[in-house]
Amino acid sequence: MDKNVENVIQPNKKYFTCDICGEIFYQKLLLEIHFQTHKKGKSYSCYVCNKGFSQKNNLNQHLLTHTNEKPFSCDVCHRGFSQKISLNRHLRTHTNEKPFSCDVCQKGFTQKGNLNQHLRTHTNEKPFSCNVCQRGFSQKKKPFSCDECHKGFSIKGHLYRHLRTHTNEKPFTCDVCLKGFTQKSHLNQHHRTHANEKLFSCDVCHKGFSLKSNFNRHVRTHSNEKPFSCDVCHRRFSDKSDLNRHLRTHTNEKPFSCDVCHRGFPRKSNLNQHLRTHTNEKPFSCDVCHKDFPDKSSFNQHLRTHTNEKPFSCDVCHKAFPDKSSLHRHLRTHTNEKPFSCDVCHKGFSEKSSLHRHLRTHTNEKPFSCDVCQKGFARKDKLNQHLRTHTNEKPFFCDVCHRSFSQKINLIRHLRTHTNEKPFSCDVCQRGFAQKGNLNQHLRTHTNEKPFSFDVCL
């Protein structure tokens with residue numbers, strides 16, 4: 001062997017990258033051999049799809065994609081690959097090796113193609129344009145489109161996997177718990193939950209994860225990184241699935257439908273929660289008061305009523321809230337944003353639930369009925385309050401005098417008798433009142449309004 005060649009192929013830690021296609025090699029000689037493939041013609045052709053190759057061994061590797069033969073296996077998760085280079089790229093998901101780094105923000109990537117796409121976020125380069133409207137895009141057109149939702153895919157196999165989200169086909173089944181999966185890779189990852197295998201560990205808090213996707217999401221909780229942006233309102237998200245769910249708020253898409261009442265939902269978790277309204281299933285029970293809940297989020301929110309924990313804080317007034325949705329609703333009090341509008345009277349509302357309740361004032365619909373006296377109510381909370389008139393239940397206690405009340409608003413009014421708080425003030429004489437009804441009565445002393453008449457001496 002040539003002495004120079006021997007020196008070249010000595011193993012070293014340095015990466016050698018092809019400037020044309022971005023392929024990585026750990027030996028310079030292999031890079032030089034690979035580089036010749038860009039110079040030569042493609043004299044070897046695939047008899048299945050007629051794709052051309054400059055080297056016979058590249059053709060042989062390509063043929064494996066048609067026979068579905070996967071001779072290269074990952075030692076960690078045992079996933080098979082038809083080409084060794086694909087296996088090498090996959091191994092980086094286990095080692096978290098990211099040899100391609102952005103010169104602007106130093107973010108690392110496992111593949112050069114991903115780095116090239118990322119660089120366009122800094123340069124705002126949009127090299128791909130639509131043939132019809134000439135609109136520019138930072139990523140290449142996706143020629144394979146779903147007939148159901150028109151989502152595009154760059155690879156036909158990805159389209160086939162996506163179609164299972166519409167057909168609910170789950171051909172891959174776990175031998176342990178019989179849970180079905182749309183993709184084999186998801187089944188392989190799921191197996192780790194039974195083996196309690198946690199290959200991915202957080203460098204900050206050392207928490208372990210069996211799935212790479214869960215690990216990546218967790219890492220962003222430390223960095224507060226939100227790489228996924230909505231094209232409509234520009235709101236950013238730390239996880240792509242959160243972005244996809246958010247997009248349905250703009251399209252009003254509800255792909256998950258109830259088999260009982262046919263109501264649609266934007267999230268599968270919302271459908272699962274809704275199904276329990278038909279079965280009355282409440283699998284989450286509070287150890288403190290033994291109250292049951294149909295979903296985990298409601299259960300977690302309830303637990304905070306015992307601990308008084310309020311982890312979500314407003315950046316404007318620093319008011320704290322027990323759950324994130326309450327914080328988002330509160331923020332609209334500062335922005336005066338009312339995104340939900342009534343089609344009848346065009347009144348705006350800051351919350352969707354408030355709009356739904358308001359609509360019943362036009363339809364006079366009262367979907368909540370008392371089982372005791374059959375009285376109907378437009379709101380469930382009003383029904384719950386009414387039920388206490390039958391049970392004489394008074395769950396709200398005053399910490400000062402221990403007097404109990406059937407409604408929380410009555411407790412709040414009562415507390416003012418101890419604090420002497422008078423939040424309602426007369427604009428004329430500035431006199432304060434503990435209750436709004438008392439203020440309204442007082443205002444008539446200024447206006448001399450007498451709305452009530454006596455039938456006998458009228």
Note to self: Do N216 and V219 have side chains that approach each other closer than 4.5 Å (heavy atoms only, starting at C-beta)?
What the structure shows: no

Check: Under 3.5 Å, side chain of R235 to main-chain N/O of C230, donor-acceptor pair present?
Finding: no

Next item on the list: Identify the two heavy atoms, one from F172 and one from T182, that lie closest to each other, and give their separation to 0.1 Å.
Entry: CE1-O, 3.5 Å

Next item on the list: Taking ring pair (Phe, Tyr, Trp, His ring centres under 6.0 Å) as the test, write out the residues that go with F181, two or more places apart.
Entry: H190

Note to self: E169: which residues meet the salt bridge (charged side-chain N to carboxylate O under 4.0 Å, His left out) condition with it, sequence neighbours left out?
What the structure shows: none

Notebook entry, point to check: About how many Å separate CG of L303 and OG of S298, when rounded to the nearest 0.5 Å?
Noted result: 11.0 Å

Checklist line | Validation row: I85, R89 side chains within 4.5 angstrom (heavy atoms) | finding: yes

Note to self: Evaluate S241 against N244 for side-chain hydrogen bond (donor to acceptor under 3.5 Å, both in side chains), listing each step before the verdict.
What the structure shows: CA-CA 5 Å; S241 60; N244 290 337; over 6 Å; no

Check: Going through the distances and angles, do R220 and D239 end up as a side chain to side chain contact (heavy atoms under 4.5 Å, CB included)?
Finding: CA-CA 9 Å; R220 295 184 194 122; D239 188 70; 3.9 Å; yes

Note to self: Show every side-chain hydrogen bond (donor to acceptor under 3.5 Å, both in side chains) that has at least one partner inside residues 254-280, sequence neighbours left out.
What the structure shows: H274-H278

Next item on the list: With sequence neighbours left out, write down each residue that passes ring pair (Phe, Tyr, Trp, His ring centres under 6.0 Å) with F424, or none if nothing qualifies.
Entry: none

Notebook entry, point to check: How many angstroms lie between atom CD of Q385 and atom NZ of K408, to the nearest 0.5 angstrom?
Noted result: 11.5 Å

Checklist line | Euclidean distance, Q407 CD relative to F396 CZ, rounded to 0.5 Å | finding: 8.5 Å

Note to self: K382: which residues meet the salt bridge (charged side-chain N to carboxylate O under 4.0 Å, His left out) condition with it, sequence neighbours left out?
What the structure shows: none

Note to self: Parallel, tilted or perpendicular: which one describes the rings of F215 and F200, with boundaries at 30° and 60°?
What the structure shows: parallel

Margin query: In the structure I gave you, are the side-chain heavy atoms of H330 and C317 within less than 4.5 Å of one another anywhere?
Written below: yes

Check: Is it true that K107 and E225 have a side-chain N and a carboxylate O under 4.0 angstrom from each other?
Finding: yes

Notebook entry, point to check: Does a side-chain heavy-atom distance below 4.5 Å link K296 with N300?
Noted result: yes

Next item on the list: Please report the closest heavy-atom contact between P294 and P283, naming both atoms and the distance.
Entry: O-CD, 3.8 Å

Item checked: Rounded distance (nearest 0.5 Å) linking atom NE2 of H356 with atom NZ of K352 -> 5.0 Å

Margin query: Set out, in order, the CA-CA distance, both residues' side-chain angles and the distance that settles side chain to side chain contact (heavy atoms under 4.5 Å, CB included) for N214 and H218, then state yes or no.
Written below: CA-CA 6 Å; N214 292 345; H218 168 78; over 6 Å; no

Next item on the list: Could you pull out the closest heavy-atom pair between F293 and H302, with the gap in Å?
Entry: CZ-CG, 3.0 Å

Check: How far apart are the closest heavy atoms of K226 and R236, and which atoms are they?
Finding: O-NE, 2.8 Å

Notebook entry, point to check: If every non-hydrogen atom of Q106 is compared with every non-hydrogen atom of D103, which pair is closest and at what distance?
Noted result: NE2-O, 3.1 Å

Margin query: Could you go through S326 and R329, starting from their C-alpha distance and side-chain angles, then the distance that decides it, and tell me whether this counts as side-chain hydrogen bond (donor to acceptor under 3.5 Å, both in side chains)?
Written below: CA-CA 5 Å; S326 298; R329 287 194 294 267; 3.2 Å; yes

Checklist line | Residues in salt bridge (charged side-chain N to carboxylate O under 4.0 Å, His left out) contact with D323, at least two apart in sequence or another chain | finding: none

